[in-house]
Amino acid sequence: MTPRPPSSGSDPRKTAEAADVEQPTTAKKSAARKTAKKAAPPEKAATAKKAPAKKTAAKKAAAKKAVAKKTATKTTATRTTATKTAAKKTAEKAVAKKTATRAAAEKAPAKKTPTKAPSAPEPPVTPVVPEPFAAPPAEAVPGVDLVPVGAADRERLLGGTHHDPHSVLGAHPVPGGVALRAFRPYALGVGVVVGERRTELNDDGDGFFSGLLPLRDVPEYRLEVAYEGTVQHTADAYSFLPTLGELDLHLIGEGRHEQLWRALGAHPMTLRGVSGTRFAVWAPNARGVRVAGSFNFWDGTGFPMRSLGSTGVWELFVPGIGEGELYKFEITRPDGSRTLRADPLARRTEVPPATSSVVHASHHEWGDEEWLARRAERPAHEAPFSVYEVHLPSWRPGLTYRQLAEQLPGYVKELGFTHVELMPVAEHPFGGSWGYQVTGFYAPTARLGTPDDFKYLVDALHRAGIGVLMDWVPAHFPRDDWALAEFDGRPLYEHADPLRAAHPDWGTLEFDFGRREVRNFLVANALYWCEEFHIDGLRVDAVASMLYLDYSREPGQWTPNEHGGRENLDAVAFLQEMNATVYREVPGVVTVAEESTAWDGVTRATHHRGPSGFGGLGFGLKWNMGWMHDSLQYMSHDPVHRRYHHGEMTFSMVYAYSENYVLPISHDEVVHGKGSLVSKMPGDWWQQRANLRAYLGFMWSHPGKQLLFMGQEFAQGSEWSEVRGPDWWLLDPAYGAEADHRGVRDLVRDLNAVYRATPALWARDVHPDGFQWITGDAADDNVFAFLRHDADGTPLLAVSHFAPVVRPDYRIGVPDDVPAWVEVLNTDAARYGGSGVVHPDPVKPEPQGRHGRPASIRLTLPPLATVWLRPA
């Protein structure tokens, strides 16, 4: 056998060996694996056969040896008619031989491990020795070529370039009966069983077998395939009609199949009473596609798929293949070379660094009906929305999805956050990318468990009353040669123009948003996570890099759009389609844009055009990167210099209502040498913590929703590392400074509790009448004071003081219709680690105007602190 050209992805030899360990099999399957390793070593099993004219001497010798062996054991059936006596003797010898090999197979021990469910077993066929089908009269067969596979088809099947193997293989009516052809490389013989009758097919060489049954109509039949040491009984994969209907193919061709994951990928199912798996993949440039996996020793030669018209979809139903089987698609490129690719729509994958796809069917039973029923009661921008950002693999390193489900919901609920945001959970090859370079867009990472395990975690969070957002990365994908890059030999998911395809910052490839099938792949993916995993929101990563053709590109490295501008019109259309589809199909879900520029209308409805002429992008919320940058810059200054940077804290209110904002202190701010949040603060350890507490109080009272990355809720001193995760030991009572860190965590808990109970802090976040400055120009005092209002006008007064001194009797102007104010939160309270300058008694206004108000109150401003007061 001629060696196959090198292909990318998992080493088939290693993968097949791993499959032996992971998969329990029947005794017959175990014996078949041993036999295949003898008859076809792994090196040969992973190679592709070439045309007969190009056989090597080794293959010819093997063929002669097989012929000699079969000649010594049985009489070879001829292609012309034979006498009934000769036919009967031949059948009896074949049956006797297969009975002996079956007995040997049954003695072989089966490998069993608890890691994976076995494939659906085929019903056993008891060997019988009935009278075989009578050979048809010679005059009924006008030509022998009616039965064997023709030379052209044979060459294409061997070469992996046949677009319609079902038209050749299987059973087909011909003059004189029903021609049955099978392609079973390495088989010693193939018999066909119809009811209680059985006949042996002729061995035509190169793994092809054929015979003419004296029947008028195509019967229901099964194949009996003999290998050295075992016999397999199976339905014929090439006897089934296509499993994808015309509507599926039409929607795929139009790029409008919103449930694409139900059409493509690997799906266990039962057809005509036969259990198996339907494989389907989009590869329009391929000359041929075959399925390779643990079930055929990673040799796809005998498993060619059929092309379904002009859609570029290839499909094959394989009987006897069930959940847990590993697989990939072996694609013959336009230049004739081959590549082994993971399934783009695989719903489960191997644990990295292994790269195979896994046949999967979900069995999780959801228990979050109550959560889903009420999550759409109020839109996110008018509801309390406080987010705890989590990197699941490092939150508690070593925990699985199910173990996280026992700890994460309780922790988040205790802290009072309304949502968690999960850094990307889709499968990715390199853990150091934190999931932002995705290869398995439809599969939760196998590092922490199965897809059903991930559903269990989401379910647990919902039952604890916590919403689940996840980072979604439709901007780009890595170049790994076993994944999406030049998937079928030509640019497919990426843009055909190299300048448009290459992402200049990350060494990745950008999606071709102008291709309808690619848009469909991504839009359906957004729906998939929301519908199949009950995700409550998608935070879309790197939106700015999608919107601009010149993003991180120098002049000459990009081409203007049709209007001469730098906007990526294809990406704009994609984002609008994605948002409109998600909001239409999944009520209660929110989409959040990480967009770092001043693009107009990120959270405006798609049908409302703005000054730029574009409709809105249709997101529900947008990260306020400007507020994050400016406020952290202000806090990094020594308090004595903050008076000169006062505007960095007030400028956000100039544009606060241009979008529906989230205020993010995310993982990006505490990695790559930036230090942790508390380490950004100036001063000694006490001042650093006081600055952090005051800043968090300011953040929670500022218009917009909140997001805080894990570890910052207890003032972790070191920046985050995905290897070790948060420094939980800081909260160990045995640690001397534990109280300092626990005080900050207690403050975060109380901030969330007061926030959720105070509609003034969230109900009018996107309305200008929900905010009023009291004083925004007290730069010399480092003081900011403002009112927040709920829908009924009930106010909350927030005062932030960013100087390390106490200011007694500091007058703050207030409305004159509030008889008294009571302190509801003070970040300087002793229980948080502060100095204890608090206001335990109600504070009454005095008829002395201040800050343009008819009345004022006198407060003692604590050092480096934020104070909240509400009407008594």
Side-chain angles (χ1 to χ4, degrees), residues 18-19 21-26 29 112-123 243 259-271 273-280 293-295 317-327 342-343 345-351 354 356-373 392 399-406 408-409 422 425-427 440-464 468 470 524-525 527-536 586:
V21 176
E22 293 180 3
Q23 301 174 22
T25 57
T26 63
K29 203 167 185 181
K112 293 184 179 180
T113 60
T115 58
K116 167 187 156 192
S119 302
E122 291 292 338
T243 57
Q259 293 187 323
L260 187 66
W261 68 92
R262 300 188 187 278
L264 301 183
H267 294 268
M269 59 179 58
T270 300
L271 297 179
V274 177
S275 297
T277 295
R278 189 272 311 285
F279 297 93
S294 52
F295 48 87
F317 175 74
V318 182
I321 302 304
E323 296 178 48
E325 294 282 4
L326 308 181
Y327 72 99
D343 183 359
L345 279 94
R347 292 171 295 161
R348 183 181 173 190
T349 69
E350 281 189 289
V351 179
S356 294
S357 304
V358 182
V359 177
H360 172 72
S362 178
H363 302 285
H364 178 74
E365 296 184 4
W366 289 94
D368 60 350
E369 296 81 5
E370 182 180 350
W371 169 267
L372 296 180
L392 283 178
L399 296 189
T400 65
Y401 290 128
R402 289 184 180 268
Q403 291 168 335
L404 285 163
E406 302 303 318
L408 183 61
L422 309 179
V425 297
E427 194 59 271
F441 281 81
Y442 284 78
T445 180
R447 293 170 174 86
L448 308 181
T450 69
D452 277 3
D453 294 338
F454 179 60
K455 289 181 179 180
Y456 183 87
L457 171 60
V458 175
D459 208 348
L461 286 162
H462 282 171
R463 284 185 275 109
V468 181
M470 62 169 276
N525 186 244
L527 285 176
Y528 170 75
W529 290 104
C530 297
E531 292 188 4
E532 295 292 325
F533 292 92
H534 293 194
I535 296 297
D536 303 294
V586 196

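- A distance of 13.0 Å separates CZ of R402 from CG of L448, quoted to the nearest 0.5 Å.
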Expected list for residues 262-269: side-chain donor-acceptor pairs under 3.5 angstrom, two or more places apart:
unit_1: R262; atom_1: NE; unit_2: Q259; atom_2: OE1; d: 3.3
unit_1: R262; atom_1: NH2; unit_2: E532; atom_2: OE2; d: 2.9
unit_1: H267; atom_1: ND1; unit_2: R347; atom_2: NH2; d: 3.3
unit_1: H267; atom_1: NE2; unit_2: W261; atom_2: O; d: 2.8
unit_1: H267; atom_1: NE2; unit_2: L264; atom_2: O; d: 2.9

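- Proximity of L399 to E406: side-chain heavy atoms (C-beta onward) are nowhere separated by under 4.5 Å.
- Remark: L457 CG to D452 CG distance equals 12.5 Å, nearest 0.5 Å.
- E427 has a carboxylate O that lies under 4.0 Å from a charged side-chain N of R447, or vice versa, which qualifies the two as a salt bridge.
- Atom OG1 in T400 sits 10.0 Å away from atom OH in Y456 (nearest 0.5 Å).
- Between E350 and L326, the shortest heavy-atom contact is OE2-CD1, 3.5 Å.
- Here S356 contributes atom OG and D343 contributes atom CG; the two are 11.5 Å apart, rounded to the nearest 0.5 Å.
- Of all the heavy atoms in P444 and W529, the pair that sits closest is N-CH2, 3.7 Å.
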Do I535 and L422 pass the side chain to side chain contact (heavy atoms under 4.5 Å, CB included) test, and can you show the C-alpha distance, the side-chain angles, and the key distance before you say yes or no? CA-CA 10 Å; I535 296 297; L422 309 179; 5.6 Å; no
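- With hydrogens and angles disregarded, no donor-acceptor distance shorter than 3.5 Å links the side chain of D368 to the backbone of R463.
- Judged as a ring-ring contact (aromatic ring centres under 6.0 Å, His included), and not counting sequence neighbours, the contacts of F454 are Y401, F533.
- In terms of heavy atoms, D459 sits closest to E365 at OD2-O, 3.8 Å.
- Residue T243 comes nearest to F317 through the heavy atom pair CG2-CB, 4.5 Å, listed as atom of the first residue, atom of the second, then distance.
- With values rounded to the nearest 0.5 angstrom, L271 atom CG is found 10.0 Å from T277 atom OG1.
- Listed for the Y442 side chain is no donor-acceptor partner under 3.5 Å among the backbone atoms of Y528.
- Minimum heavy-atom separation, G440 to A426: O-CB, 3.5 Å.
- Separation of atoms CZ (F295) and CD1 (I321) is listed at 5.0 Å; rounding is to 0.5 Å.
- In this view, H534 and W366 satisfy the ring-ring contact (aromatic ring centres under 6.0 Å, His included) rule, not counting sequence neighbours.
- The shortest heavy-atom contact between T270 and S275 is OG1-OG, 3.6 Å.
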